[in-house]
Each structure stands twice: as C-alpha cells, then as structure tokens.
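See structure below.
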Amino acid sequence: MSKKSAKAKGAGKEKLFGAAGFEEYYGKLYGDRWTAIKEAFTGQGSAVEYHVSGAEESYFLDSASVLAALCLPLSGASEILDLCAAPGGKTLVLASRMESEARLSSNERSPERKHRLSTVVQTCLPPEISDRVITSCSDGATWCTRQSECFDRILLDAPCSSERHVIADSKYLNNWSPSRIKTVTTEQWALLSSAYRLLRPQGILLYSTCALCPEENDGMIERLYKKFNKDGNAFSLLEPEPELSQISAFAPELTLPGFEKTEYGYMIMPDKEKGAGPIYFSIILKNYSIIS
C-alpha cells in the first residue's frame, strides 16, 4: 500500500466519531444482530442477589459476572489474586468459593474505587472469610516488577470499552472514537502480560472483559500466544466447567446464562441470554515457568 492510500485509509477511520461513528463501527462488527444487542441493552439486565451467610449486606451483580468468576477453578489454590477487583462483585464470588486455608488478594489501582472495594469486602462477607481477603491499591500492570510466579489463580477483569455503558451515557457516546479502543487495548495488554508473569506454573488465569470489541477479547489472547506460547506448549486454554452447587446457597435465584464459543474464549451475549452480559472470558493454564 502506498503512503498516500494508507493515509487515506487512516483518515477514513478517523471519521468514525461520536454516536454515528459508534453505530457504524459496531453495526459492521455485528451486522443484523446489532439491533437485537442494542435492544437488550435497554432492558433490565439480569442482576441477581448474592448473599453470603453471616454477612451484613447482600450484593447485586450481573449473572454473567457470576458465571465468569465461577469458571475460575479454585480447588487446591492457596494464593488467589483478583487484579482489577473494584467494585467487588467477582471478589465476593471468589472469596465465598475459596478453600478454608486460602487467601485472596483483591487489588484496585484507584484509591476511590479501592475504598469501595474494601467496604464491599467488609460488609458483604462474614469475618471468617473477609479476614482472609487482603485489599490493596496498586497498579496491576507493574505488580510483576516486584513479584513473579507467586499466585495459584488469577482473575483479571480488565478495564474495557464497556459499550453497554457507552450507549447509556450521551457524554461518552458523543465523544466515542476508535482511538479509545487502541488506548484500552494498550492498558489491557500491560495488565494481561503482568498477570501471566505473576502466575505460578500449573496456575490458572481467567481473563475477562465486558467489551464487545474482538480486539479487547480474543485479540488479547492471540497476543499472549505470540508473546509467550510460540512453541504451543507454554500454556493451554481450558473449557469452562462452572459448578453452580458451589454458590447455590449464596444466590438461590441464580440461573446461569449460556455462552458462545469464540476462537480463544467464550462470550455471554445479552440478546441471547435475557439481558445478561456482555461478558467475554478465556481460561488459561500455565504449563511451565517463563523465568529463565
């Protein structure tokens, strides 16, 4: 491609801006399905009450978020990390499922959001569980510079484009552009590569977003393959095996949504699952150490 044609192509992409650009971009991604997805966004969603016996308060979260957190296997794990944990719903699901001697490190980089996270842990978990949850305020992207291969399980619910919230807020919708996706994927990659370095051999990492954009979902896992799995043996992708019995006492009204297979993971889509999601997740088993 000549410099002139490449410049013209880039200029065309930059014309995608605001509500009209958002509509064109996602309309091309999802085709005829886009109308149904938008209609599902305007519905009530699928929030469920999550109450752990002995806790002061309940917590309400999307059933798709419960399913994603439920798909991280915790059997045999003693050190667990929720790397981007606020506001705290997935931390509650992990904490209520972890074994009696396990510890959960629940991290958030924003001081304000970390304060909310700490409140959720203290009010929505009983003391015998909350005492084993350590909340912290740190940049997860740089955590790997201080420690490495020290966690058995990691949940990375990465910051993302969150198109459902963009549609609901005219301020964000009117200022949307494709450059936002580029900014977000840069942040996601820093977090994902850090999380992978923090994971012990034979440990399991669950990467998730609430994004519709493939670059933020399968695109991140493909990038992880190119960086760390060049021989095809460094890590494997696991199939989800959620165990509803583990949390049936905490959320008796919960009906787990279904999911759709993608190239490297799974999607829960609101147009197919009564408003649940969107959620993307991929489950990664680290087969051997990357430390030389």
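Heavy atoms only: backbone and side chains are in, while hydrogens, waters and symmetry mates are out.
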Report task. Determine yes or no for a side-chain-to-main-chain donor-acceptor pair under 3.5 angstrom, with Asp152 supplying the side chain and Ser78 the backbone. Result -> yes
Report summary line: Checking Ser106, Cys137, Ser136 against Lys114 for side-chain contact (heavy atoms from CB on, under 4.5 Å), the one that qualifies is Cys137
Query raised in the report: Can you name the closest pair of heavy atoms from Ala211 and Ser161 and give their distance?
Result: CB-N, 4.3 Å
Query raised in the report: Using 4.0 Å as the upper bound for N to carboxylate O, is an ion pair formed by Lys38 and Glu23?
Result: yes
Query raised in the report: Is it the case that one hydrophobic cluster holds both Leu83 and Ile204, taking links as side-chain heavy atoms less than 4.5 Å apart, direct or via other members?
Result: no
Report task. Using a strict cut-off of less than 4.0 Å between a Lys/Arg side-chain nitrogen and an Asp/Glu carboxylate oxygen, indicate whether Lys286 and Glu149 qualify as a salt bridge. Result -> yes
Query - Basic-acidic side-chain contact under 4.0 Å: Arg33, Asp271 - result: yes
Query raised in the report: Hey, any chance Val93 and Leu74 share a hydrophobic cluster, counting ILVMFWY side chains that come within less than 4.5 Å of each other, even indirectly?
Result: yes
**Report entry** Trace of the salt bridge (charged side-chain N to carboxylate O under 4.0 Å, His left out) decision for Lys15 with Glu24
**Finding:** CA-CA 10 Å; Lys15 290 180 181 179; Glu24 181 178 347; over 6 Å; no
**Report entry** Validation row, ring centre Tyr59 to ring centre Tyr50 under 6.0 Å
**Finding:** no
Query - Side-chain donor or acceptor of Tyr26 paired with backbone N/O of Leu212 under 3.5 Å - result: no
Query raised in the report: Is there a donor-acceptor pair closer than 3.5 Å between any side-chain N or O of Arg153 and the backbone N or O of Pro73?
Result: yes
